Chemist: 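My questions will all concern the structure given below.
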Amino acid sequence: MIMNGHPEARARRDYILEQKRGFGRRVIGVFPAYYPRELLLSMNILPVEIWDPPLESSHANAHLQSYICSVVKQGLELILQGKCRDLDAFLFPHTCDSIQNLASIVNDYLGIEKPCYFFYHPKAPYKESSRWYYIKQLEDLALRLEKQFGPLNHHEFKKKVEQGEDLRRTIGELYRRRAEGTLGLSNVEFYRILRQVEYLHPDDFLPVLTAILKRPPDRKSKGLAVIVSGILPNPPEVLEHLDRLGINVADDDFLSCSRRLLARPAISTVPFEAMADSYFGMQPCCTKGSAIEDRLKSILDKAKSSSAKGVIFQMVKFCEPELFDVPILVEGLKAEGLATLVIDTELNQGMSGQLVTRLEAFAEMIG
Ligand code: SF4
């Protein structure tokens with residue numbers, strides 16, 4: 001993929017090409033959010049996630065309604081601008097109606113001649129059959145992938161599932177140190193590093209994280225702490241501005257970050273079962289139909305353990321699953337004495353003067 005000469009996009013493309021040439025890996029473009037990463041990796045497929053490519057939107061609008069979120073808009077734009085040439089296929093998890101519609105546009109109408117895979121993970125409330133259903137979906141996906149990418153090596157699958165556990169543990173430790181205020185990374189640095197999970201192979205990503213954790217703990221940060229929630233940390237200027245105001249994001253409830261990167265440790269060591277353990281051990285999420293009370297409790301727990309004074313909801317405009325939850329979450333958080341701020345942004349659009357003023361007023365309120 002080549003994206004506008006943007007430095008991070010260039011780094012991604014160089015990395016993808018290196019992975020293809022150096023390791024014979026095939027590459028799948030994966031749309032948000034929950035998908036069985038370890039299964040793909042065990043078939044020597046590198047998943048490269050498509051959340052917010054930095055592109056001028058010129059072609060996608062003709063295919064979409066005006067009230068669509070920019071995750072879908074930017075993802076479609078990437079395809080329409082012919083910047084997915086290096087990919088071998090696409091994977092669409094069943095995240096929300098908007099991703100479903102995108103899957104249908106790409107698979108049924110664009111004629112792009114790349115295989116499209118779909119992954120229908122179960123939604124809450126979970127029943128006894130949900131676990132069986134999830135494992136069945138994994139097995140079906142594996143069978144479909146095998147036709148294009150060759151047979152699943154079960155020994156390799158087990159190794160990748162163990163590595164996935166290792167990665168979750170390491171990211172968990174990174175989050176723990178940040179909540180404690182001793183990680184020594186700014187808000188911008190933290191998410192710049194963490195978001196490399198979206199395209200780096202874990203063989204390359206894990207050493208980056210362990211090197212950070214090996215550094216001696218920083219002196220406990222004295223800044224004000226907040227939790228940030230939403231889909232993903234974009235526009236990054238919000239984080240930059242929080243850094244400037246001396247506000248530390250002590251934890252998050254981002255769909256692209258903690259909601260899917262952290263999970264209770266798996267109990268089983270059998271790969272498909274272990275993957276089910278992780279899936280059902282993740283944090284509550286509106287795109288999985290979790291009860292709002294569970295998500296509220298999860299955010300309150302994060303606020304308590306990091307002594308956060310408030311919660312910022314960084315909403316992607318027109319994100320329906322979030323729009324259902326946020327007003328009720330705001331009420332629940334206020335009732336517990338936490339300050340809240342809801343901001344509505346388009347991806348990659350920078351910050352308006354009005355947004356700067358609102359963040360500053362919020363900082364004064366919690367200060
Ligand atoms: S979860 Fe929200 S932001 Fe993400 S694709 Fe769906 S509607 Fe868009």
Side-chain angles (χ1 to χ4, degrees), residues 28-35 37 47-55 57 59-61 63-80 84 90-107 110 116-124 191 194-195 197-199 228-236 238-239 252-262 279 282-292 294-295 298-299 312-330 342-349:
I28 289 193
V30 184
F31 284 88
Y34 298 96
Y35 66 99
R37 201 154 176 262
V48 173
E49 301 176 9
I50 303 171
W51 289 85
D52 53 350
L55 296 169
S57 200
H59 300 64
N61 290 335
H63 297 262
L64 299 165
Q65 64 273 38
S66 53
Y67 46 87
I68 193 80
C69 73
S70 41
V71 169
V72 165
K73 209 189 286 178
Q74 297 293 92
L76 182 59
E77 190 66 38
L78 187 77
I79 297 174
L80 292 172
C84 292
F90 292 107
L91 173 62
F92 297 89
H94 187 193
T95 302
C96 58
D97 289 349
S98 305
I99 292 281
Q100 281 299 102
N101 290 343
L102 174 67
S104 153
I105 293 171
V106 175
N107 187 53
L110 291 187
C116 291
Y117 296 94
F118 308 95
F119 184 61
Y120 297 94
H121 49 84
K123 308 271 176 168
Y191 288 103
L194 188 66
R195 291 200 63 194
V197 73
E198 294 166 20
Y199 69 99
V228 183
S229 177
I231 298 296
L232 74 163
N234 184 312
V238 171
L239 295 173
D252 71 61
D253 171 55
F254 282 127
L255 170 60
S256 74
C257 301
S258 72
R259 277 192 238 170
R260 65 189 193 117
L261 298 178
L262 303 178
Y279 179 76
M282 287 175 189
Q283 298 176 7
C285 176
C286 53
T287 74
K288 287 158 98 182
S290 308
I292 297 180
D294 293 346
R295 188 163 166 210
S298 163
I299 299 176
I312 300 174
F313 290 92
Q314 189 174 342
M315 309 267 289
V316 174
K317 227 175 218 166
F318 304 122
C319 173
E320 209 177 70
E322 285 287 281
L323 283 168
F324 282 125
D325 272 19
V326 168
I328 301 170
L329 292 173
V330 165
V342 180
I343 58 180
D344 205 38
T345 53
E346 292 275 12
L347 301 178
N348 305 316
Q349 296 290 305

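These numbers were taken from a predicted model, which means no experiment stands behind them. Just so you know, ligand 1 is whichever comes first in the structure, and atom 1 is the first atom listed for that ligand.
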Chemist: Look at Lys288 together with Asp294 and state whether they make a salt bridge at an N to O cut-off of under 4.0 Å.
Modeler: no
Chemist: Start with the C-alpha distance between Arg295 and Ser229, add both sets of side-chain angles, then the distance that settles side chain to side chain donor-acceptor pair (under 3.5 Å), and finish with yes or no.
Modeler: CA-CA 11 Å; Arg295 188 163 166 210; Ser229 177; 3.1 Å; yes
Chemist: Which class fits the ring pair Phe31 and Phe90: parallel under 30°, tilted 30 to 60°, perpendicular over 60°?
Modeler: tilted
Chemist: State which residues pass ring pair (Phe, Tyr, Trp, His ring centres under 6.0 Å) with Phe324; sequence neighbours excluded, sorted by chain then number.
Modeler: none
Chemist: The criterion is side chain to side chain donor-acceptor pair (under 3.5 Å); which residues satisfy it with Gln283, sequence neighbours excluded?
Modeler: Ser258, Lys302
Chemist: Sequence neighbours excluded, which residues qualify as ring pair (Phe, Tyr, Trp, His ring centres under 6.0 Å) partners of His94?
Modeler: Tyr120
Chemist: Take atom 6 (Fe) of ligand 1 and tell me which protein N, O or S atoms are nearer than 2.8 Å.
Modeler: Cys96 SG
